2 protein chains.
Amino acid sequence: MTIAVKPRARALRTRDEAIVAAPVLPLNRILRGDCIAEMRALPSGSIDMIFADPPYNLQLGGDLARPDGSHVEAVTDDWDKFDSFAAYDAFTREWLAEARRLLKPNGSIWVIGSYHNIFRVGAILQDLGFWILNDIVWRKANPMPNFKGTRFTNAHETLIWAAKSEKAKYTFNYRAMKTLNDELQMRSDWVLPICSGQERLKRNGAKAHPTQKPEALLYRVLLSTTNKGDVVLDPFFGTGTTGAVAKRLGRSFIGCEREDAYIEVAEERIAAALPLDESALTTMQSKRTAPKVAFGQLVEAGWIAPGTRLFDKKHRLSATVRADGSLAADGIESGSIHGVGAKLQGAPSCNGWTFWHLEHEGEIKPIDALRQRYLLAVED
Amino acid sequence: MTIAVKPRARALRTRDEAIVAAPVLPLNRILRGDCIAEMRALPSGSIDMIFADPPYNLQLGGDLARPDGSHVEAVTDDWDKFDSFAAYDAFTREWLAEARRLLKPNGSIWVIGSYHNIFRVGAILQDLGFWILNDIVWRKANPMPNFKGTRFTNAHETLIWAAKSEKAKYTFNYRAMKTLNDELQMRSDWVLPICSGQERLKRNGAKAHPTQKPEALLYRVLLSTTNKGDVVLDPFFGTGTTGAVAKRLGRSFIGCEREDAYIEVAEERIAAALPLDESALTTMQSKRTAPKVAFGQLVEAGWIAPGTRLFDKKHRLSATVRADGSLAADGIESGSIHGVGAKLQGAPSCNGWTFWHLEHEGEIKPIDALRQRYLLAVED
DNA sequence: CCAGCTTATGAATCTGACG
DNA sequence: GCGTCAGATTCATAAGCTG
């Protein structure tokens, strides 16, 4: 399956070729090399979601390269500190700008970090025009203690979730998240264990990667903000947690990684990951995307007879169903179940499905219950 | 007691006078005016700790209504309006630079914010030479829900705690925090309720300030990073939570505030605050809440694979686990473990944890057993 | 007086399809 | 792009009210 190769997007060739043949995305592959260079070779507006776990370490030195590839020396004195922040900012601005170019207009990005880098990442995201949707706190169930007792135990990491722009229609699987959280809205603080035990990948007895993220974290990220079949890019692929979870959840991935050792571990791991089958993958559908039923349909199908009286929950307001599915009530203009409900209450808006009730054998039930039964009956 | 006056620090007069007489700090007073101007009049290196709750620069759209139609009161005050990120950054840089000048060499600063502003604040703190010690997450026990179901519930705010410089010997009362936390190290995530009920200050029936912070939050901040007798500056004093808690804990405060209405409320409040005695101190400890586990957590953590079949105890009813932790069963709408269990039995309700069972090596066990084991595994 | 029910509210970047 | 309108959407607390 996954083979680490340089992508040869046709967009890089002549303009005519690019017009004739749409660029081919290197789906489910790990691109070996620096993420900025690799991202440059991919076509604009082609990615649904980006998950990025960029380097955190500013002051530890050694690992950070400037955008031009030159090495940033380890810094010890105050004089150099500003220089190191500037270098980190430049690097961050560069890969985030590429990331933004690659995103589809309605795509979104996740970046994870700690207090060492996340404030710089967040500010640059905003400066580049990304629109922050949430900051998520991964509350570690089992963090490393502060051994010297000098500070509060650093028990969390922060993720930023941002849309490409303010007006973007981003993907958010609200119902799936609410279901995952026992019918309560999913909050911005997530309690999850760190990656350990069987899940932690080893090589020669040592951990294969210093900052391997738990699959549960990626599971929630991918389930909440992508759809089946979406393309997810991870510019700092490491040992491929993003790829493994994407495969399980029926999403495609593209990874960038510089280190051969990590690529090797990732490929093995992803090859072993099992995709979930169709039925397990189905998630709770939001009513927004569910097939719509007009109130008039219930009337014409005979589920509600014209002339039926509807009431509000407390039986204080009432209206009469007419043949075309409109409602009539005393003293106001007739109209839709929503409009009449709103006018009777003097409210700016009203969901007629939950506001209006039917009396049936002494019981009073919202008309939405009828709609649910109708939906089940006509669905096949 | 507290009187709102312009400070006339002697440092502003002739150099000779400043040398002869040390500047007098306006202790336990509220300085009426713009915080930058007021801070400029205070002497350098005179403050032990600064707590700041600056404007968040929320950028709200139109009106927001709850699902029941009621109106959500927004923060629309002029003090939270900025023309651009650049304008907000310039303002932030200016007050933070003054704050740094005022701090003693071993002093520290706290700033609270949300994703709207905290990334900019954090980056500027670093740029100015502050040394971040922790980012603290205030996990709200009772946040406002996301009424429209468009994002994750914004259930936390972030505090940054930073020393004046990397080498500073800052104050951290490790033992006090460990004691407060039932002999476990205090973590970087704090669960505290929002300010409501009796604690919420009112004027003419309306809240006196739109963003009043809970005293418990300031209590923990002051107890952890100041000593008795220390001087605490709050540049955005509002209705004086910092002042009230400082008085209770035997610290001195200096507040800056522009609005007369807030100053009046704060003075009254602080006058009524009683310094704490030992016995009252023990009652301040936060309640530990029992951790809850959603069924979906077990799925995303890999403890139950999507596609798994669940059965009732007598193996007569069954359902399939889906990726978002919902259950699917023949002939009924899918839903939560509780809802599907109820519907299949035709019961009004059902505890899915004890109703559903897993088959494992011939044995059949309630999923609640799994939950217990999961709790043990993720518990601190 | 208490139990149970109803109402109020909190730093919120809070809809989307169609004409 | 803008106006219109169907219709989707909430959790924890505390205070107030009723019987």
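Below, read A as the first sequence line, B as the second, and so on, with proteins coming before strands; counting in each chain starts at 1. Keep in mind that the numbers below use all heavy atoms, side chains included, and drop hydrogens, waters and symmetry copies. Keep in mind that this is a model prediction, so the values were computed, not measured.
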(request) Looking at every strand, decide which applies to A/Glu166 at a 4.0 Å heavy-atom threshold: base, sugar-phosphate, or nothing. (result) nothing
(request) Identify the nucleotide, in any strand shown, that forms a Watson-Crick or G-U wobble pair with C/dA3, with both distances under 3.5 Å; if there is none, say none. (result) D/dT18
(message) Does A/Leu184 reach a base, just sugar-phosphate, or nothing at all? Heavy atoms under 4.0 Å.
(response) sugar-phosphate
Pairs under 3.5 angstrom, nitrogen or oxygen only, protein versus nucleotides 16-19 of chain D, please.
none

(request) Return the nucleotide paired to C/dA8: Watson-Crick means purine N1 to pyrimidine N3 with N6-O4 or O6-N4, wobble means G-U with N1-O2 and O6-N3, both under 3.5 Å. (result) D/dT13
(request) Mind running ring-ring contact (aromatic ring centres under 6.0 Å, His included) on B/Phe82 and B/Phe91 for me, showing each step along the way? (result) CA-CA 9 Å; B/Phe82 293 85; B/Phe91 163 74; 5.3 Å; yes
(request) Spell out yes or no: do the side chain of A/Arg288 and the base of D/dT9 have one donor N/O and one acceptor N/O closer than 3.5 Å? (result) no
(request) Using the C1' atoms only, state how far D/dC5 lies from C/dA12, rounded to an integer number of Å. (result) 24 Å
(request) Scan A/Ser349 against the nucleic acid and name what it touches under 4.0 Å (heavy atoms): base, sugar-phosphate only, or nothing. (result) base
(request) Answer yes or no on whether B/Lys140 is positioned over the face of B/Trp138, meaning its NZ or CZ is under 6.0 Å from the six-membered ring centre and within 45° of the axis. (result) yes
(request) May I ask you to verify if any side-chain N or O of A/Tyr170 is less than 4.0 angstrom from the OP1 or OP2 atom of C/dG16? (result) no
(request) Tell which nucleotide pairs with D/dG7, taking only Watson-Crick or G-U wobble pairs whose two distances are both under 3.5 angstrom. (result) none
(request) Output, in order, the C-alpha distance, side-chain angles, deciding distance and verdict of ring-ring contact (aromatic ring centres under 6.0 Å, His included) for A/Tyr170 and A/Trp131. (result) CA-CA 11 Å; A/Tyr170 55 89; A/Trp131 189 247; over 10 Å; no
(request) Take atom P in D/dG7 and the same atom in C/dT13, then report the distance between them in whole Å. (result) 27 Å
(request) Using the C1' atoms only, state how far C/dG10 lies from D/dT10, rounded to an integer number of Å. (result) 12 Å
(request) Using a strict cut-off of less than 4.0 Å between a Lys/Arg side-chain nitrogen and an Asp/Glu carboxylate oxygen, indicate whether B/Arg220 and B/Glu215 qualify as a salt bridge. (result) no
(request) Check whether any side-chain heavy atom of A/Leu180 lies under 4.5 Å from a side-chain heavy atom of B/Glu300, and answer yes or no. (result) yes
(message) Can you confirm whether the side chains of B/Arg322 and B/Ser334 place a donor and an acceptor under 3.5 Å from each other?
(response) yes
(message) Whole angstroms only, please: what is the CG-C1' distance between A/Asn181 and D/dC11?
(response) 12 Å
(message) More than 12 heavy atoms of other residues, nucleotides or ligands under 6.0 Å from CZ of B/Arg258: yes or no?
(response) no
(request) May I ask you to decide whether B/Lys81 forms a salt bridge with B/Asp78, counting only side-chain N to carboxylate O separations under 4.0 Å? (result) no
(message) With a 4.0 Å limit, can you tell me whether A/His338 has a side-chain N or O closer than that to the phosphate oxygens OP1/OP2 of D/dG7?
(response) yes
(message) Do A/Gln297 and A/Trp303 have side chains that approach each other closer than 4.5 Å (heavy atoms only, starting at C-beta)?
(response) no
(request) Tell me what A/Arg371 touches on the nucleic acid: a base, only sugar-phosphate, or nothing, going by heavy atoms under 4.0 Å. (result) sugar-phosphate
(message) Let me spell it out: for each of A/Gly352 and B/Ala141, pick the nucleotide of DNA chain D with the closest heavy atom. Which residue's pick is nearer the 5' end?
(response) A/Gly352
(request) Rounded to whole angstrom, note down the P distance from D/dA6 over to C/dC14. (result) 23 Å
(request) Would you indicate which nucleotide in C/dT13, D/dA8, D/dT10 comes nearest to any side-chain atom of B/Asp68? (result) D/dT10
(message) Ring of B/Trp353, cation from B/Arg371 - is the NZ or CZ under 6.0 Å from the centre and inside 45° of the axis?
(response) yes
(message) Both A/Glu183 and A/Ala294 contact DNA chain D. Taking the nearest nucleotide for each, which residue is further toward the 5' end?
(response) A/Ala294
N/O-N/O pairs, protein side and nucleotides 10-12 of chain C side, under 3.5 Å:
unit_1: C/dG10; atom_1: OP2; unit_2: B/Lys207; atom_2: NZ; d: 2.8
unit_1: C/dG10; atom_1: O5'; unit_2: B/Lys207; atom_2: NZ; d: 3.2
unit_1: C/dG10; atom_1: N7; unit_2: B/Arg66; atom_2: NH2; d: 2.6
unit_1: C/dG10; atom_1: O6; unit_2: B/Arg66; atom_2: NE; d: 3.0
unit_1: C/dG10; atom_1: N2; unit_2: B/Pro143; atom_2: O; d: 3.2
unit_1: C/dA11; atom_1: OP2; unit_2: B/Arg200; atom_2: NH1; d: 2.7
unit_1: C/dA11; atom_1: OP2; unit_2: B/Arg200; atom_2: NH2; d: 3.3
unit_1: C/dA11; atom_1: OP2; unit_2: B/Pro210; atom_2: O; d: 3.3
unit_1: C/dA11; atom_1: N7; unit_2: B/Lys213; atom_2: NZ; d: 3.3
unit_1: C/dA11; atom_1: N6; unit_2: B/Pro54; atom_2: O; d: 3.1
unit_1: C/dA11; atom_1: N1; unit_2: B/Tyr56; atom_2: N; d: 3.1
unit_1: C/dA12; atom_1: O3'; unit_2: B/Asn154; atom_2: ND2; d: 3.3
unit_1: C/dA12; atom_1: N1; unit_2: B/Gly62; atom_2: O; d: 3.2

(message) Between C/dA11 and C/dT7, how many Å separate the two C1' atoms, rounded to a whole number?
(response) 23 Å
